[in-house]
Amino acid sequence: MAQPAPNNSIFDGLNESQRRAVTSAADTVAILAGPGSGKTQTLTARVVWLIDHVGYHPQDIVVATFTVKAAREMKERIGKSLGDGRETKIILGTFHSIARRYLAAYGRLIGLNEKFGIADDSDSRAIIVRICKRLQLQVDPAHARAWISKKKAKGTEMPSRVVKKEPKKTPQLEELETCYREYQKHLESSNLLDYDDLLVRCAELLRKFPACVSNIQAVLVDEYQDTNGIQYDLMKLFAQQHRRITIVGDPDQSIYGWRSAEIGNLWKLLREFRATEEVSLEQNYRSSEFILNLSLQVIEQDTKRYKKSLKPVHNKGTRPVLRRLISPDAEADWIISEIRRIIMMSGSMITHNDVAILIRSAYLSRHIESSLGKAGISYRMVGGLKFYERAEIKTIIDYLRVIHQPENNDALARILNVPRRGVGDITIRGLLEEAETSGMSVWRRISQVDGPNDTPIGLVQIIEQLLSSLDFQRHLQTVHPEDHEQRWANVQEFVALAGDFVKELELKGDESLPEIEGIEQAKEVDVLPRFLANVALATDAQTGDDDQDSKPRVTISTIHAAKGLEWPVVFVPAVYDGSIPHSRSDDIDEERRLLYVAMTRAQSLLYLSYPVRPSSEANQNNEMSPFVSSISRSFAEKGPCLDRHVMKEIAKVLGRELPSDEKIFGALPPGFSTEDNLFPVDPEHVRGLQWDGQGDVFNGPRAKRPRIHGPGMGKAAEEERPWQKDYLTTMEQASKFTISNLPGFISASAHQAALVAANAAAEAKRKEERAQKLRLPQQKSIMAFVKTGSEPAPPPAALASAGQTAPAGNAFSKKSSPGFQQLVAKQPQPVIQPDLASHKLGPKKMPTRPTVGHSTNDGSKGKAYPCFSSSPPRPDSEQNGNGISEAADDDEDDGPPPQPTRAAACLHATTCTTVPKGLGSSVFRRPAGLGRDSITPIEKLKKPFKPLTINKPGRGGKM
DNA sequence: TGGTACTCTGGGCTT
DNA sequence: CAGAGTACCA
């Protein structure tokens with residue numbers, strides 16, 4: 001990483017072993033790359049070499065990475081080297097996203113419904129919890145989930161182990177298997193694949209239909225030590241035509257064993273591919289010698305480890321620190337004081353951007369965040385709560401998922417009562433149970449709504465329509481009175497994100513798989529499913545790259561999310577037994593590697609620390625992590641002296657210029673402590689002193705700690721100022737999407753679904769209102785409604801045709817969910833079971849309020865329940881001479897379409913080359929601070945998102 | 001009494 | 001932020 005990037009020649013700046021790895025003519029190449037050895041650069045160069053020198057077509061190369069971030073970075077780098085945009089043809093992404101692409105294109109070959117959705121973690125968990133409850137299984141759902149995932153991740157090509165283990169059938173095992181079966185059944189009926197399924201099914205596909213990958217010349221895998229069994233299978237399957245594989249990895253950095261990563265995959269590869277050329281990259285370009293040596297001392301405690309060394313190219317540097325503090329709060333305060341000292345003593349050669357605080361568990365950030373906040377230091381949080389996991393965003397996503405897949409009971413269940421509709425958990429659970437036992441989707445039970453006609457619509461419009469029909473802003477205001485502005489801003493950011501996604505889709509075009517003769521590909525036309533897939537697969541770990549124009553920020557990150565990154569200054573707090581190694585960990589070696597990874601992120605200054613007590617008033621003690629206790633004497637017990645000599649060495653490692661002494665010392669405020677002496681080195685000895693958990697004990701009770709203002713932070717950044725949000729979380733960092741393709745509109749059917757869903761929501765709301773106002777006895781709950789179907793004053797017309805197949809010509813007959821499902825599936829399925837058809841759910845009384853989404857259209861002809869039908873899938877072209885249908889036909893160039901509708905013709909790729917009207921700035925309400933005009937969408941995505949200012953009127957938008 | 005809404009607490013890393 | 005437990009409503 002520290003090496004200069006090659007511009008002209010890919011060989012520039014490569015050392016000998018790197019060059020050997022890049023240009024190896026062996027079919028299989030295993031590159032063992034220690035931390036900071038330039039592995040990404042090497043892999044990138046090899047890809048370029050394969051294309052430019054060997055002559056493979058970009059579209060015949062698969063590059064699989066482990067994280068979205070790595071994929072993005074790799075693509076960028078390859079793009080820079082190739083310089084002509086060919087990198088977009090490379091099949092490059094995470095294993096999961098590549099698998100998804102293949103399944104979307106060829107899934108039907110193995111009987112997969114192409115409209116499959118992706119079950120994320122919470123989905124899986126919820127499903128399994130319900131199964132366990134329903135079947136009264138004794139197993140712990142979390143355990144069951146892990147067990148199932150492991151089973152899937154194992155892969156199929158391990159006959160030796162698999163065969164051996166089976167025979168023992170404990171009752172517990174049986175329960176697990178039952179759970180597994182039920183779980184798969186549920187996923188299938190919801191047309192969902194979980195993360196593991198993506199890999200498993202893709203492997204199945206490639207095994208049965210090798211032709212899909214017959215074009216593949218070479219397969220390259222990054223972070224190979226993190227691959228699990230199924231990914232190993234997948235790698236081989238991708239390469240089955242020519243068996244050319246390049247892997248890069250470092251067994252010492254394998255930290256995903258809990259996710260079934262198998263270090264053994266390396267030996268497996270070497271065994272299976274005898275002619276593999278092995279190349280070790282041992283030169284470390286990142287860290288000072290001291291840091292490397294101590295890191296090695298940690299990792300070498302693992303006796304089973306494959307021995308390899310790290311050769312420093314940099315100077316010795318300063319001794320890493322192992323600091324003991326009295327409490328977590330003191331630890332946080334000490335970190336801050338040390339950050340200040342470093343910045344001041346470097347004359348701002350080092351800024352906040354150069355500092356990372358790497359934590360074992362996300363919740364450890366609490367103390368640190370609040371201390372940073374109090375000190376007025378801005379920071380970004382990586383790997384914490386993700387954007388898509390925020391409640392308000394999740395809700396919208398769940399709505400979108402229901403729109404895409406009405407049969408997704410889980411998503412539906414989560415939104416049924418959000419915004420509040422007076423439907424409680426019990427009811428929802430009841431519905432789910434019923435659905436599960438009867439195998440029928442909840443949607444069918446509760447939905448029969450008036451949907452307007454088939455009006456195509458863009459992704460953004462769908463979301464906006466949802467927002468307005470749900471009155472989402474008000475919902476936020478009532479449910480989260482304190483921070484609804486922030487949440488609403490998040491929602492708007494989400495809208496902007498969706499818009500950017502659509503735009504990028506148009507701009508970048510094609511990430512589709514290369515055509516292969518003889519096999520037909522399903523083209524992904526709809527935006528919505530891909531948007532959702534992106535959301536599900538995006539982890540959005542944010543890199544430490546400094547955003548130029550925003551102010552310098554300290555990075556707080558989990559160690560896992562920090563892999564592959566580096567910082568001049570690294571703090572690793574909470575290095576105590578129970579945190580590292582984590583108390584719940586079952587693999588102590590992996591915990592050690594985790595610490596090793598954390599330590600090797602540091603270039604110049606490395607600080608470990610731990611609080612000797614879990615909190616200020618606790619009386620039990622934390623024990624120092626066993627990983628460092630035996631070598632604790634190799635650490636310094638407090639921060640190094642940062643004199644000119646030391647700083648110069650640091651400057652050399654970082655390749656920076658150190659300001660003059662005059663400058664540095666001139667900027668020091670009076671009373672500034674140039675040493676790390678504000679906190680006692682042995683905190684337990686001052687226990688008798690009055691310790692308030694905050695201040696400085698070392699210089700006597702209540703001694704005033706000299707406060708320093710960070711340079712460049714203006715003058716008095718005093719600690720008394722009201723705390724205000726001055727940090728970024730990963731999520732706020734707009735995600736960068738990996739997959740893009742094709743036209744900017746979702747299909748008519750999806751749109752249809754949108755409206756239906758929105759209407760369902762509105763309907764449910766009305767129900768609630770009615771329930772509250774009328775308090776009809778039968779309607780205590782939605783349950784009564786659903787179960788009995790009794791409803792006040794059902795319009796006869798509605799009842800009459802409910803569940804009946806309407807004549808095709810009557811597009812405006814009523815819709816019931818079976819018909820709706822057919823529409824969504826776009827293929828005739830015999831979904832209407834006779835008993836269901838006769839099962840009449842009471843239509844709702846139509847309120848006076850206009851139907852969602854068709855205020856501008858009169859197609860409903862004033863009928864209260866205009867579109868209640870179970871008509872078969874409608875052909876793409878409308879058949880009835882209704883005004884709206886015309887619009888749906890071919891008027892792409894017409895004047896502004898009636899908002900918010902959009903012509904169905906937009907489905908055609910050719911019509912989507914222009915930015916759709918309606919996606920213009922008027923639609924985007926970007927939160928303040930997010931760059932607007934001058935930046936390209938992609939760049940924009942990289943900009944941190946700044947929250948709205950508090951005073952901004954919360955109701956700027958629509959209601 | 002059945003059902004919904006509210007308060008509290010406790011956390012493992014992530015595709 | 002979810003799950004459990006409690007308070008409040010018909």
Side-chain angles (χ1 to χ4, degrees), chain A residues 64-71 93-100 118-122 124-126 129 133 141-142 146 149 152-153 193-199 223 226-228 230-231 234 254-261 358-366 382-386 388-395 414 417 420-430 478-480 533-541 557-563 574 578-587 590-591 593-595 597-598 730 738 768 771-772 775-777 779-784:
Chain A
T65 64
F66 202 64
T67 64
V68 175
K69 187 185 70 195
T94 61
F95 272 104
H96 292 87
S97 88
I98 293 175
R100 193 205 71 86
I118 297 172
D120 66 26
D121 249 1
S122 56
S124 303
R125 200 176 51 229
V129 165
K133 275 205 182 125
S149 174
K152 289 180 181 175
L193 299 182
D194 68 14
Y195 290 129
D196 300 308
D197 284 337
L198 285 175
L199 306 177
E223 302 281 17
D226 289 331
T227 54
N228 58 32
I230 188 72
Q231 285 164 333
L234 217 39
S254 167
I255 53 177
Y256 285 95
W258 50 275
R259 230 170 68 181
S260 309
L358 305 183
I359 50 183
R360 167 72 244 256
S361 316
Y363 72 91
L364 288 170
S365 70
R366 287 264 184 102
V382 179
L385 204 60
K386 280 173 213 77
Y388 298 126
E389 274 162 23
R390 314 206 131 180
E392 63 274 15
I393 303 299
K394 240 171 119 181
T395 299
R414 260 168 290 161
N417 198 31
R420 222 150 259 167
R421 301 186 175 101
V423 184
D425 291 349
I426 309 255
T427 304
I428 292 173
R429 197 164 299 170
T478 53
V479 180
H480 309 280
N534 247 309
V535 167
L537 296 178
T539 51
D540 216 351
S557 170
T558 60
I559 298 173
H560 284 92
K563 190 153 80 150
S579 176
I580 299 189
H582 196 275
S583 48
R584 298 220 269 176
S585 158
D586 38 41
D587 182 349
E590 179 155 316
E591 296 292 306
R593 291 193 294 268
L594 204 49
L595 182 60
V597 168
T730 324
T738 45
E768 169 209 25
Q772 287 178 351
R775 303 219 186 283
L776 290 173
Q779 272 185 272
K780 275 187 198 150
S781 73
I782 194 174
M783 203 55 158

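Computed from heavy atoms alone, side chains included, the values below leave out hydrogens, waters and symmetry copies.
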A/F95 meets the ring-ring contact (aromatic ring centres under 6.0 Å, His included) criterion, sequence neighbours left out, with none

Could you tell me which non-hydrogen atom of A/K394 sits nearest to which non-hydrogen atom of A/S122, and how far apart they are?
-> NZ-OG, 3.9 Å

Report which part of the nucleic acid A/F95 touches: base, sugar-phosphate, or nothing (heavy-atom distance under 4.0 Å, all strands).
-> nothing

How does protein contact run along nucleotides 5-11 of chain B, one letter per nucleotide 5' to 3', with B for base contact, S for sugar-phosphate only, - for none, heavy atoms under 4.0 Å?
-> SS----B

Rounded distance (Å) that lies between atom C1' of B/dT14 and atom CD1 of A/I118 = 15 Å

Donor-acceptor pair, A/T558 side chain versus A/A561 backbone, under 3.5 Å?
-> yes

Send over the distance from A/L198 CG to B/dT14 C1', rounded to a whole Å.
-> 14 Å

In whole angstrom, give the distance that lies between atom NE2 of A/H582 and atom P of B/dC13.
-> 8 Å

When only distance counts, do a donor and an acceptor, one from the side chain of A/R360 and one from the base of B/dC13, lie under 3.5 Å apart?
-> yes

Rounded to the nearest 0.5 Å, how far apart are CD1 of A/I255 and CG of A/L595?
-> 11.5 Å

Looking only at non-hydrogen atoms, find the nearest pair between A/I359 and A/S365 and report the distance.
-> CD1-CB, 3.7 Å

Stacking check: are the rings of A/Y256 and B/dC13 less than 5.5 Å apart at their centres and under 30 degrees in tilt?
-> no

Residues A/H582, A/W258; criterion ring pair (Phe, Tyr, Trp, His ring centres under 6.0 Å); working and verdict | CA-CA 12 Å; A/H582 196 275; A/W258 50 275; over 10 Å; no

A/R593 side-chain N/O to A/S254 backbone N/O, donor-acceptor pair under 3.5 Å = yes

Nearest whole angstrom, please: distance from the P of B/dT14 to the CG of A/D196.
-> 16 Å

Is there side-chain contact between A/H480 and A/E392, with at least one heavy-atom pair below 4.5 Å?
-> no

Give A/D120 one of three labels, base, sugar-phosphate or nothing, depending on what nucleic acid heavy atoms sit under 4.0 Å from its own.
-> nothing

In whole angstrom, what separates A/I559's CD1 from B/dT14's C1'?
-> 14 Å

Under 3.5 Å, which protein N or O atoms sit close to an N or O of nucleotides 2-6 of chain C? Give each pair with its distance.
residue	atom	partner	partner atom	Å
C/dA2	OP1	A/K394	NZ	3.1

Could you give the CH2-to-P distance, from A/W258 to B/dC13, as a whole number of Å?
-> 8 Å

May I have the step-by-step check of side chain to side chain contact (heavy atoms under 4.5 Å, CB included) for A/I118 and A/H96, ending in yes or no?
-> CA-CA 11 Å; A/I118 297 172; A/H96 292 87; over 6 Å; no

Could you check whether A/E223 gets within reach of a base, just the sugar-phosphate, or nothing at all, counting any heavy atom under 4.0 Å?
-> nothing

